[in-house]
2 protein chains.
Amino acid sequence: MTASILIVEDEPAIQELLAFNVNQCGFKAIQALDVMSATRLINHALPDMVLLDWMLPDTTGVEFARRLRADQRTRNIPIIMLTARTEERDKVMGLESGADDYITKPFSPRELMARIRAVLRRRMPEMSEETVSAGGVELSPTTHRVSAKGVKLDLGPTEFRILHFFMTHPERVYSRTQLLDQVWGDHVFVEERTVDVHIRRLRQALEPSGLDILVQTVRGSGYRFSPG
Amino acid sequence: MTASILIVEDEPAIQELLAFNVNQCGFKAIQALDVMSATRLINHALPDMVLLDWMLPDTTGVEFARRLRADQRTRNIPIIMLTARTEERDKVMGLESGADDYITKPFSPRELMARIRAVLRRRMPEMSEETVSAGGVELSPTTHRVSAKGVKLDLGPTEFRILHFFMTHPERVYSRTQLLDQVWGDHVFVEERTVDVHIRRLRQALEPSGLDILVQTVRGSGYRFSPG
DNA sequence: TCGCCGCTGTCATGTTACTGTCATAATTCT
DNA sequence: AGAATTATGACAGTAACATGACAGCGGCGA
């Protein structure tokens with residue numbers, strides 16, 4: 001689920017610097033020294049974003065950006081332009097060519113990362129924010145509040161996520177492994193028995209209102225949320 | 001933070017007239033003569049509102065409005081439609097283009113501004129200039145004054161903006177990133193932890209009146225203003 | 001022009017609350 | 001009963017947050 005970022009930059013030193021920073025921040029850097037190889041890489045697999053140098057040996061960055069924007073397949077890939085000059089004219093041209101943002105060299109790694117994240121954030125849809133209600137429990141992701149039979153209750157982050165997942169997937173049994181994947185995230189190494197403990201904590205929080213019965217154990221299989 | 005308003009209008013004379021009036025009223029006018037450049041501008045930075053001509057050379061205003069509404073990122077931007085004749089009103093309404101309001105040409109600057117303010121008040125509360133009051137705190141954007149339980153208190157500019165944003169968006173939890181976007185501005189590069197510090201300063205200012213409890217920490221998520 | 005002062009963003013350090021793991025008790029099944 | 005599975009309580013490590021200190025910046029008046 002980590003975003004891949006195609007870096008198109010002919011200067012090897014800057015190329016490496018960019019790749020290092022991008023990788024450092026948890027993205028996957030894909031490197032191209034010119035437009036031709038960039039095109040090949042894009043044909044092979046679409047990146048989630050393109051970091052594009054303004055000046056390139058064969059085609060200019062602006063021209064390449066224009067081509068990306070023209071092609072239906074690549075139209076929606078965000079582009080950040082790297083430009084050496086600070087003149088307003090270049091900025092305008094960069095934006096005219098369809099770049100989402102631009103950054104002038106020299107730049108700090110921090111600023112670069114901030115811009116990358118900002119652009120990705122603008123493009124990425126938000127997760128579900130609907131208030132869920134079932135079996136006397138109400139959970140609102142936006143206010144991050146939970147109430148059982150009208151009484152506010154206090155959950156830790158993990159218990160909150162488990163409950164949210166359960167309420168949006170009621171009645172169905174989930175194994176510990178599935179819960180780890182869904183609630184903790186795919187590639188996390190956590191002991192399976194840890195799930196038990198968090199289920200316990202969730203039940204404890206629901207206990208005062210008597211709604212702990214909604215979280216049911218299915219021996220040999222896992223757990224289930226059953227609003228009845 | 002002044003609201004930025006994107007004006008999409010192909011007639012240069014009217015474009016300028018609109019821009020002049022918008023700027024005159026303390027907003028920031030961003031100008032586009034057609035849908036294509038409007039799209040580019042929006043990709044770069046989201047405006048707080050769109051003033052949209054009904055008839056445009058390339059895509060019609062309605063079509064553009066529909067696209068804005070379809071995209072998760074732009075869904076919540078208020079739109080005001082400009083139409084040439086009264087009879088278009090029904091069409092605009094009937095087509096459900098998603099506009100928040102419409103205004104027929106010719107229009108008086110006064111009327112235009114009134115509608116802009118009305119829509120902003122409805123859709124972007126923190127942009128309007130009205131005095132907000134919640135949980136014993138009163139904040140007046142125009143005079144830049146804040147009082148807690150009747151006692152006047154003294155805030156720095158940033159703390160003022162945070163509090164204003166919070167008061168116009170109560171109960172909802174905002175991540176540090178979201179707060180940076182909303183209070184600092186879209187592409188400002190500031191360390192996330194800086195938010196903590198300003199929250200601290202805001203709480204410190206509220207402390208004497210005991211209202212610092214209104215600013216709540218939601219561990220793992222962000223902060224929330226809860227007037228109870 | 002200079003120095004003062006308030007505001008800002010960052011860092012280092014202190015504090016708190018959550019997490020994951022284990023050991024052990026309590027179930028349930030065969 | 002014995003085996004397998006789950007419940008529960010305790011605990012240490014740690015991630016997330018709070019707080020205080022500080023240097024840089026910009027505005028403002030002397």
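Since the structure is predicted, the reported quantities are computational estimates derived from the model, not experimental observations. So that the names make sense, note that chain A is the first sequence line, chain B the second, and so on, each numbered from 1.
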Base, sugar-phosphate or nothing for [X]? Non-hydrogen atoms, less than 4.0 Å.
| X | result |
| --- | --- |
| A:R193 | base |
| A:E192 | nothing |
| B:T194 | base |
| B:R201 | base |
| A:F160 | nothing |

TODO: Specify the residue among B:E159 and A:V195 whose closest nucleotide of DNA chain C lies further upstream toward the 5′ end.
DONE: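 Closest to the 5' end, via its nearest nucleotide, is B:E159.
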Would you say [N] has OP1 or OP2 under 4.0 Å from some side-chain N or O of [X]?
| X | N | value |
| --- | --- | --- |
| A:Q204 | D:dG9 | yes |
| B:W184 | C:dT8 | no |
| B:R219 | D:dA16 | no |
| A:T217 | D:dT5 | no |
| B:Y223 | D:dA18 | yes |
| A:T158 | C:dC18 | no |

Open item on the list: Could you check whether any side-chain heavy atom of B:H164 comes within less than 4.5 Å of a side-chain heavy atom of B:P141, counting everything from C-beta outward?
Closed with: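 Of all side-chain heavy-atom pairs linking B:P141 with B:H164, at least one is under 4.5 Å.
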Open item on the list: Return whichever of A:S221 or A:V197 has its heavy-atom-nearest nucleotide of DNA chain D closer to the 5' end.
Closed with: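 Nearest-nucleotide comparison on DNA chain D picks A:S221.
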Open item on the list: For A:R200 and A:G222, find the nucleotide of DNA chain D closest to each by heavy atoms; which residue's nucleotide sits nearer the 5' end?
Closed with: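 Mapping each residue to its closest nucleotide by heavy atoms, the 5'-most match is A:G222.
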TODO: Mind listing the closest non-hydrogen atom pair of A:I30 and A:S4 along with its distance?
DONE: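 Closest approach of A:I30 to A:S4: CD1-CB, 3.9 Å.
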Separation of atom [atom1] in [X] from atom [atom2] in [N], rounded to whole Å:
| X | N | atom1 | atom2 | value |
| --- | --- | --- | --- | --- |
| A:D212 | D:dA7 | CG | P | 12 Å |
| A:R161 | C:dC18 | CZ | C1' | 11 Å |
| A:F189 | C:dT19 | CZ | P | 18 Å |
| B:E191 | D:dA18 | CD | P | 16 Å |
| A:I199 | D:dT6 | CD1 | P | 12 Å |
| A:L155 | C:dA17 | CG | P | 16 Å |

Task: NZ/NE/NH1/NH2 to OD/OE distance under 4.0 Å, B:R176 and B:D196 - done: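 Looking at B:R176 and B:D196, the cut-off is met.
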Task: Check ion pair A:R145-A:E138 (N to O, under 4.0 angstrom) - done: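 Here A:R145 does not pair with A:E138 in a salt bridge, since their nearest N and O are not under 4.0 Å apart.
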Considering only [options], which nucleotide approaches the side chain of [X] most closely?
| X | options | answer |
| --- | --- | --- |
| A:H198 | D:dG20, C:dT19, D:dG9 | C:dT19 |
| B:P157 | C:dG20, C:dC7, C:dT21 | C:dC7 |
| B:D196 | D:dC17, C:dT21, D:dA7 | D:dC17 |

TODO: Using the side chain to side chain donor-acceptor pair (under 3.5 Å) rule, pick out the option among B:Q216, B:E171, B:H169 that qualifies with B:R224.
DONE: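 With B:R224 as partner, side chain to side chain donor-acceptor pair (under 3.5 Å) holds for just one option, B:Q216.
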Open item on the list: Counting the benzene-type ring for Trp, do B:Y174 and B:F165 have ring centres under 6.0 Å apart?
Closed with: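 Yes, ring centres under 6.0 Å apart.
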